[in-house]
Amino acid sequence: MTRPAPVNDIDESTLKVKEPKKAAAGIPAVKIALERGIEQAGVARTARSLLRINQRGGFDCPGCAWPESITGPRKPAEFCENGAKAVAEENTKRTVTPEFWARHSIAELATKTEYWLGQQGRITEPVIIREGETHYSPISWSDAFNLIGERFRATTPDRCVFYTSGRTANETAFMYQLFARSLGTNNLPDCSNMCHESSGSALNPTIGIGKGTVSLEDIHHSELIFVVGQNPGTNHPRMLSALKECKDNGGTIVAVNPLPETGLMAFKDPQSVDGLVRGGTKLADEFLQIKVGGDLALFQALGHLLLEEEDRAPGTVVDKEFIEANTDGFEDYVAARRHIDWIETEKATGLSRLDIAKVAGLLAKSKATIICWALGLTQQPHSVDTLREIVNLLLLQGNFGKPGAGACPVRGHSNVQGDRTMGIWEKPKEWLLAALDKEFGITSPREHGVDSTEAIDAFAEGKVDVFVSMGGNFALANSETEALEAGMQKAGLTVHVSTKPNRSHVVHGKTSLILPTLGRTDRDDKHPNGAQFLSVEDSMSVIRSTQGRLEPVSEHLLAEPVIIARMAQATFGDDHPVNWRAMAEDYDVVRDHISRVLPGFEDFNTRIRNKSGFVLPNPPRDTRSFATDIGKGRFTVSPLEYLEAPEGHLILQTLRSHDQYNTTFYGLDDRYRGISNGRRVVLVNPDDLAELGFADRDLVDVISTFKGTERRADEFRLVAYPTARGCAAAYFPEANALVHRDLVARESNTPGFKAMTVRFIPHEEKQLS
């Protein structure tokens, strides 16, 4: 039975803490997934959606980008607990009507948490709030588009910013970047800037492609898999099934993480009898509980030990034939790794030399190794160097272009990789711009635009007249929350293409529009040629179709490609060289354009109709070749660097709860960590708590320091938790306010969400001062 939207907001005083769970998934995951679906959408709507999620001819999960099998059969339940929650959020029968906006002023909504806002339901009609008004109110689609067109024409392209979330499908993303470049700007920040930008910055110069080089089948048949800086049990739960298959095939798994996350330890497969009735499969054969930011030192040490083992047994560890034929820089790498300071390495990692040597032994024996990583490695000042060190290890043993081996950056949002493939990037390559110009008869701008971090400064300096957000929740996804929200309110017009209310709607520009759109599960059939489908790209470069079949909650919703086309038409008029109407009416037209612009998409419309889609070319994986500027894979040398906290401080990282996807909160139960009913918590090792003079459950204010400046977040509850010593963890976006906008990864400019230096003061201390 469906439940109404919650009236009450989060009450942090009801926080509950229990022992962390010892195994992930199992019967509780099935039970909770079904409960969440039914309470949001009812039995029938939930059943119709779950039977089609990630199936051939169905719709792609709006959650993570973990792939499905291309050649093998699909499981009847090809989704995880959090995928089911994501679908429930989109399928909900709760609706946000004009009456909702009339009841709730911006002043009131500003006091609500993101949990409360998102749980109110799907937005049913476009609304507007103008300068000086206190409430959003309805506006017709035609008036909304006319206003957008007027504002674009009234300003200059450099003062317009187009943000994109990973929810956006390929065809939508292609049209969106085409609109921005037709207008004359590369201001195309996206969610990748805040997560895996460091991966692309490391991989492109070293292996010639910014994507992973493995398939799902490689995961299944690898001899050794490293899972580093990642919590698959919450963020990519279907990955657990792939890791279990690897284990069943005799593979070994090494987990490297500051927290002993449940999903890394044991997995109860809910689609097997063993997983439902027994203790589950132990996944991690070795667990290295590393300090936050110590991974660069670890991978340098592993490289050193592999070279030592090669010296002892020449020809058994290092693939010199591969190195000589396919790489550059090996001699410099060897010279740099010949010697290591073990005292410094143990200090940086928090690991013993013996523990590192044990894992190096596994690596030396493996003939097919995959290294997987996620945001635990990408959001620190030295992230790019860390990831280059991973590439060094893979090159050293020839772990490219052979079964069961390669690099595996595990993308988060469902189509964040596809958005970049489609051209969503503030630093486009010349070949892409030239291809767009040739195909459409436009002149694309060549000057680079702003990324997500640079957009904070643009807002703060009053340099944004029009901000369009294609999905997402920019205000809460980025760093330095208070400054960003203040800056967004300086913008002339903010346009949010959204499904549900979020914080960005509340900290809006002087004028703000919310344009409600179809979701991944919704039927998109208001077209001359009938129902349309879209496509997405998963973490392993597979392009597949996605088509919703559920009745939308409102007749006033428009599909994202239609919204983009109508914005463009209102801006440029009918004499623009791009035929926006044709693309909006028939998505095959978009795909035909893509097939002529983007390599690898030839004959797109035919190939996307194959039952499993198709795989994009990947030179390191396909031919053991590297499309770098020198035509070879590149070894690199980086100095040792790690994060150090001064006395009285800890290194803080942000993370998700189990009831969360990015800035969307499904509920308030971080089940695997044993935390429920609250989110303003900081997880701290009990020994660190004692050393700092605090106790479990103390209420504190958190102060971050960066280059002599401080940022503050108040009223957090300290929770004793087995984190690595000297390290702490808190949920984002609550802790994003602590990240200084200049605390970023070098080269990628990704915010330092895993690199904050913090101290605590009793909350009462502030009240008395």
Side-chain angles (χ1 to χ4, degrees), residues 1-11 36-42 44-46 88-148 469 471-473 475-476 488-489 493-519 521-523 526 550-560 562-563 566 663-667:
M1 182 176 180
T2 58
R3 293 182 183 176
V7 175
N8 298 322
D9 210 333
I10 301 174
D11 181 357
R36 295 292 176 83
I38 292 169
E39 73 180 27
Q40 289 270 6
R45 193 172 171 91
T46 297
E89 291 287 309
E90 186 170 286
N91 287 347
T92 183
K93 290 184 178 179
R94 300 170 184 171
T95 55
V96 174
T97 64
E99 289 72 25
F100 170 89
W101 302 110
R103 284 197 308 272
H104 302 287
S105 69
I106 288 297
E108 180 190 351
L109 294 176
T111 67
K112 302 297 186 182
T113 67
E114 187 62 23
Y115 168 72
W116 188 92
L117 290 170
Q119 289 296 312
Q120 299 309 301
R122 291 285 297 271
I123 303 168
T124 61
E125 297 181 34
V127 291
I128 186 172
I129 187 168
R130 298 173 177 85
E131 189 168 7
E133 294 180 341
T134 58
H135 293 68
Y136 278 100
S137 60
I139 185 174
S140 69
W141 278 108
S142 60
D143 286 346
F145 290 127
N146 286 338
L147 174 61
I148 293 169
S469 182
N473 184 2
L476 283 194
M488 288 180 68
Q489 294 175 76
L493 173 67
T494 50
V495 181
H496 306 278
V497 182
S498 304
T499 57
K500 306 178 79 174
N502 65 49
R503 178 69 180 180
S504 295
H505 303 156
V506 178
V507 291
H508 55 76
K510 295 174 184 175
T511 298
S512 182
L513 287 165
I514 305 175
L515 307 182
T517 188
L518 297 176
T521 60
D522 293 327
R523 188 170 66 241
K526 294 180 180 179
L550 294 181
E551 180 70 23
V553 296
S554 168
E555 63 180 359
H556 300 292
L557 309 185
L558 293 182
E560 287 180 334
V562 175
I563 292 174
R566 291 189 63 180
T663 58
T664 298
F665 307 150
Y666 308 137

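Everything numeric here is computed off the predicted structure, so don't read it as measured data.
- Taking the salt bridge (charged side-chain N to carboxylate O under 4.0 Å, His left out) definition, one finds that Glu39 meets it with Arg3, sequence neighbours left out.
- Listed by chain and number, the residues in a salt bridge (charged side-chain N to carboxylate O under 4.0 Å, His left out) with Glu90 amount to none (sequence neighbours excluded).
- Minimum interatomic distance between Pro98 and Pro138 (heavy atoms only, all atoms of both residues): CB-CG, 3.6 Å.
- A donor-acceptor pair under 3.5 Å is formed between the side chain of Ser554 and the backbone N or O of His556.
- For residues 107-122, the set of pairs meeting the salt bridge (Lys or Arg N to Asp or Glu O under 4.0 Å) definition, not counting sequence neighbours, comprises Arg122-Asp522.
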> Step by step, would you call Leu147 with Thr511 a side-chain contact (heavy atoms from CB on, under 4.5 Å)?
Replying inline: CA-CA 10 Å; Leu147 174 61; Thr511 298; 4.1 Å; yes
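- No hydrogens or angles considered: nothing links the side chains of Thr95 and Thr97 as a donor-acceptor pair under 3.5 Å.
- Distance OG/Ser512 to CD1/Ile128: 8.0 Å, rounded to 0.5 Å.
- For the ring-ring contact (aromatic ring centres under 6.0 Å, His included) test, residues two or more places apart in sequence or in another chain that qualify with Phe145 are Trp141.
- Of all non-hydrogen atoms in Thr124 and Pro516, the two that sit nearest each other are C-CG, 4.1 Å.
- Of all heavy-atom pairs spanning Thr499 and Leu518, the tightest one is CG2-O, 4.4 Å.
- The closest donor-acceptor contact from the side chain of Trp116 to the backbone of Pro6 lies under 3.5 Å.
- For the residue pair Ile38 and Thr46, the shortest heavy atom distance occurs at N-OG1, 3.6 Å.
- Evaluation of the salt bridge (charged side-chain N to carboxylate O under 4.0 Å, His left out) rule for Arg94 yields no partner, not counting sequence neighbours.
- Of all heavy-atom pairs spanning Gly472 and Asn502, the tightest one is O-ND2, 3.3 Å.
- Here the shortest heavy-atom pairing between Ala88 and Gln40 reads O-CB, 3.5 Å.
- Atom CD of Glu125 sits about 12.5 Å away from atom CG of Leu515, to the nearest 0.5 Å.
- Using modelled atom types, one finds no donor on one side chain facing an acceptor on the other under 3.5 Å when comparing His496 with Ser504.
- Put simply, the side chain of Ser105 never gets that close to the backbone of His135: no donor and acceptor are under 3.5 Å apart.
- The CD atom of Gln119 sits 4.5 Å away from the CD atom of Glu89 when rounded to the nearest 0.5 Å.
- With Pro501 as the fixed residue, the side chain to side chain contact (heavy atoms under 4.5 Å, CB included) test singles out one of Asn473, Val506, Ile123: Ile123.
- Within the model, atoms CD1 of Ile148 and CG of Asp143 stand 11.0 Å from one another, a figure rounded to the nearest 0.5 Å.
- Under the ring-ring contact (aromatic ring centres under 6.0 Å, His included) criterion, Tyr136 pairs with Trp101, His508, sequence neighbours left out.
- Checked by atom type and distance alone, the side chain of Asn146 pairs as donor or acceptor with a backbone atom of Ser142 at under 3.5 Å.
- Remark: side-chain polar atoms of Lys500 are paired, donor with acceptor, to backbone N or O of Gly118 under 3.5 angstrom.
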